[in-house]
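For the numbers below, each heavy atom of this structure counts, side chains included, while hydrogens, waters and symmetry mates do not. Here the structure is a predicted model, which is why all the values come from computation and not from measurement.
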Amino acid sequence: MAIKGVLREELHNSIKMKKRYEEELEKLPVGSLIKKNIKGHEYYYIVLRENGKVRFLYQGKDVPESVIEEYARAKALRTKYRRLLSQVKKQIKFLKGALRGQESI
């Protein structure tokens with residue numbers, strides 16, 4: 001029975017981590033900043049999905065370096081949190097199965 005208690009505690013911690021990762025993803029800016037070269041001129045756009053469609057939101061010819069860095073940082077963090085979220089979801093699934101007795105421990 002001690003093992004089940006440890007598994008329940010680990011499941012509880014995993015659920016809290018999942019919630020935290022989802023909250024962190026919500027804090028990040030939506031979309032990605034891209035630079036398009038159109039007829040020899042460079043333009044910046046934010047690319048995002050809305051209702052299953054890809055949208056390009058024009059940002060201008062000149063975008064401050066801080067905005068470019070912010071979107072680059074957000075892209076890296078988004079990748080990190082999505083990977084961690086995927087791992088913790090698999091862990092939750094395993095732990096729930098183990099607590100039901102369907103997985104070998």
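- Look at Glu22 and Lys18 and you find a salt bridge, because one of the NZ, NE, NH1 or NH2 atoms lies within 4.0 Å of a carboxylate O, short of that distance.
- At least one side-chain heavy atom of Val88 sits less than 4.5 Å from a side-chain heavy atom of Leu85.
- At least one donor-acceptor pair closer than 3.5 Å links the side chain of Arg78 to the backbone N or O of Pro29.
- Following chains of ILVMFWY side-chain contacts shorter than 4.5 Å, one can reach Leu11 starting from Ile3, so the two form part of one hydrophobic cluster.
- With hydrophobic clusters built from ILVMFWY side chains whose heavy atoms lie under 4.5 angstrom apart, Met17 shares a cluster with Leu28.
- Between Glu10 and Ser14 the shortest side-chain heavy-atom distance falls below 4.5 Å.
- A distance of 13.0 Å separates NZ of Lys89 from OH of Tyr21, quoted to the nearest 0.5 Å.
- Proximity of Leu77 to Tyr81: side-chain heavy atoms (C-beta onward) are separated by under 4.5 Å at one or more points.
- Remark: Lys16 engages His12, Asn13 in a side chain to side chain contact (heavy atoms under 4.5 Å, CB included) (not counting sequence neighbours).
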Only pairs under 3.5 Å count here: list side-chain donor-acceptor contacts from residues 57-74, not counting sequence neighbours, and write none if there are none.
from  : atom 1 : to    : atom 2 : distance (Å)
Gln59 : NE2    : Leu57 : O      : 3.3

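- At most 12 non-hydrogen atoms from other residues, nucleotides or ligands lie less than 6.0 angstrom from NZ of Lys80.
- Of the listed residues (Ile46, Ile34, Leu48), just one forms a side-chain contact (heavy atoms from CB on, under 4.5 Å) with Phe56, and that residue is Ile34.
- Between the OG atom of Ser86 and the CD atom of Gln91 there is a distance of 11.5 Å, given to the nearest 0.5 Å.
- In this structure the side chain of Tyr43 never reaches within 4.5 angstrom of the side chain of Lys35, judged on heavy atoms.
- With a 4.5 Å cut-off on side-chain heavy atoms, Lys19 and Glu23 count as touching.
- Going from atom CD of Glu9 over to atom CG of Leu95 covers 11.5 Å, rounded to the nearest 0.5 Å.
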